[in-house]
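Working notes, structure below.
Just so you know, ligand 1 is whichever comes first in the structure, and atom 1 is the first atom listed for that ligand.
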Amino acid sequence: MKLTDSHCHLGSQKFPSDELSAIITRAKQHGIERMVTLATSLDDCSQNISIAEKFPEVYACIGIHPCDVHETKNQYIDQLTNYAKHPRCVAIGETGLDYYHPAPKGWSTEQYHSRQREFLRQHFTLATELGKNIVIHTRDRTGEESLQDAINIYRDFADRTRAVFHCFPFSLESAQPILDLGGLISFTGIATFKNAITVLETATHCPAGSFMLETDSPYLAPVPHRGQRNEPAFTYFTAEIIAQARGESLEELAVHTEATVDEFYGIGPTK
Ligand SMILES: [Zn+2]
């Protein structure tokens, strides 16, 4: 059985660089043969690309997280374009809309959200220009407003690129417009939390080929490591509970989620 952690943040300060080699070894011991590490700011891009250059199991995505848009200069897109052309960069992200965190000091909520939407459109434009797919974050305090806004933006680009809505917390009904546009969703360790029944429910009924597995590490460690630092090896626990809920063996789950990763990130079949 071979799996991929389709979304982690190995460039995070919570992963000291001298520990990365051990973290990747532990992942492989749990059958996690590939990892996709995502940048969240311009500074983070070079860091993630150099990790992907150093470790053949790791691929990078580059983008500006919606919570970083106020700290990013308007001219960022030229630099981002250069990073995106790097051979180890497999998609654009993490981008998206975050209506959960309050606007930073000096910004109105409307200004902050509208800059996030502008950045998201710019990331989509870059993805379509370079023929890459895109990784989307959405988060709301209540309801699904950021999800709906992001889907509406995706709709304008869906004939030229595919999006994954990562760490998907909603029902399959809410995911349907994304799947109808040719997009994907992905599930984190939240699927193992007893108080997050919807996530496991969605993962149970989501068609094979429409979802991937991820950790979003260093955050959101699954049970039995909930509350600790998360790491790519823990993809295993999320895979285990989702396979069980779907009535599949781990091997069966791995076959279709790996094929989905291969196709989405264009990184070829697991050797
Ligand atoms: Zn993330």
| the Zn ion (ligand 1) is nearest to which N, O or S atom of Glu94? | OE1

| request: Would you name the N/O/S atom of Asp216 that lies closest to the Zn ion (ligand 1)? | output: OD1

| task | Any chance you could lay out the ring-ring contact (aromatic ring centres under 6.0 Å, His included) test for Tyr265 and Tyr59, step after step, and finish with the verdict? | result | CA-CA 9 Å; Tyr265 285 119; Tyr59 300 85; 8.3 Å; no

| query | So does Glu252 pair up with Arg246, basic N to acidic O under 4.0 Å? | reply |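 No, Glu252 and Arg246 are not salt-bridged.
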
| query | How about His65: does one of its N, O or S atoms come closer than 2.8 Å to the Zn ion (ligand 1)? | reply |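 Looking at His65, which is the residue asked about, there is no N, O or S atom under 2.8 Å from the Zn ion (ligand 1).
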
| Quick check: does Cys167 put an N/O/S atom under 2.8 Å from the Zn ion (ligand 1)? |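 Under 2.8 Å: Cys167 has no N, O or S contact with the Zn ion (ligand 1).
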
| query | After noting the C-alpha distance and the side-chain angles of Phe165 and Val135, does the key distance pass the side-chain contact (heavy atoms from CB on, under 4.5 Å) rule? | reply | CA-CA 6 Å; Phe165 284 67; Val135 184; over 6 Å; no

| Below 4.5 Å, heavy atoms only, C-beta onward: do Thr4 and Ile32 meet side chain to side chain? |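 No - every pair of side-chain heavy atoms lies 4.5 Å or more apart.
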
